[in-house]
Amino acid sequence: MNVRVFDDKQELAEAAARDFAERARTAIQGSSRFTVALAGGSTPEATYEALASEYAGELDWSRVHVFFGDERSVPPDDEDSNYRMANEALLSRVSPGSVHRMRGELPPEEAAEGYEKELRDFFGALDGPPEFDLVLLGIGGDGHTASLFPNTGALDVTDRWAAANPVPKLDTTRITLTLPVLNAARAVNFLVAGDDKAETLAEILQGNASPREYPSKLVEPAGELNWMVDREAARNLR
Ligand code: 6PG
């Protein structure tokens with residue numbers, strides 16, 4: 001596990017964009033493609049903006065294939081849509097080779113089944129979960145990541161790569177990649193910023209609460225696990 005602390009959100013965003021670009025270049029050189037699952041929420045928006053403004057011409061985006069870690073049960077133009085945020089900040093400005101949107105406008109079970117098929121069609125019917133070159137994740141104040149919320153059903157899904165996950169406390173069902181996919185990644189970068197994440201980050205990295213209470217603890221990828229955090233979020237780390 002690798003923890004890097006940055007002075008502020010903008011420095012974090014620029015470092016995360018640079019890391020994304022370096023991994024993409026290496027993957028494209030090695031296998032002619034780069035597969036990435038984007039995080040939702042608000043933290044990664046600055047990273048996506050930095051990618052669009054500083055790396056639009058630096059990468060062969062036609063070789064970049066974009067997936068999502070999770071999606072809310074809303075249409076793609078909804079203000080809560082993770083796709084909308086990523087499309088406005090990045091995807092509409094760089095023309096990736098393919099963009100695989102979780103269809104939040106559909107009933108969640110149908111959307112998850114459709115995404116499962118889309119993953120299998122793209123990665124091939126491997127005997128194990130797809131191995132993303134990079135998965136970007138955030139953490140919620142309750143320790144969730146993607147839409148793997150504390151004590152919810154998707155935490156136990158091991159035979160599917162995408163799941164519809166009822167989240168009672170939000171009175172909604174989300175669509176999320178499952179832990180086998182997150183843990184098959186060649187690299188997972190958690191992007192965490194802001195004072196309001198300090199307590200949760202310290203618990204995830206150094207506390208002994210149950211991982212089912214803090215599902216971010218369940219992300220233990222086969223590849224690299226990188227925590228890219230700003231000074232405010234790192235405030236409580238020993
Ligand atoms: C989502 C995200 C979620 C996010 C955290 C942090 O759909 O909300 O995928 O896992 O990373 O909730 O969100 P913020 O970056 O807005 O704090």
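Side-chain atoms are counted along with the backbone in the values below, which use heavy atoms only and exclude waters and symmetry mates. Remember, it's 1-based here, ligands and their atoms both numbered in the order they're listed.
Under the 4.5 Å side-chain criterion, counting only non-hydrogen atoms from C-beta, D142 is in contact with K169. Side chains of S147 and I175 form no contact here, defined as non-hydrogen atoms less than 4.5 Å apart.
Residues lining ligand 1 at a heavy-atom distance below 4.0 Å are given as G40, G41, S42, T43, D70, R72, N82, G138, I139, G140, H144, T145, A146, R174, K197, ordered by chain and residue number.
Cluster membership for I28 and F122, using ILVMFWY side-chain heavy atoms within less than 4.5 angstrom, is shared.
Residue pairs meeting the side chain to side chain donor-acceptor pair (under 3.5 Å) criterion with at least one partner in residues 192-210, sequence neighbours excluded, are D195-R235, E203-K217. Contacts classified as ring pair (Phe, Tyr, Trp, His ring centres under 6.0 Å) and involving residues 126-145 (residues at least two apart or in different chains) are given here: F67-F132, F123-F132, H144-F149.
Remark: F20 pairs with F34, W61 by the ring-ring contact (aromatic ring centres under 6.0 Å, His included) rule, at least two apart or across chains.
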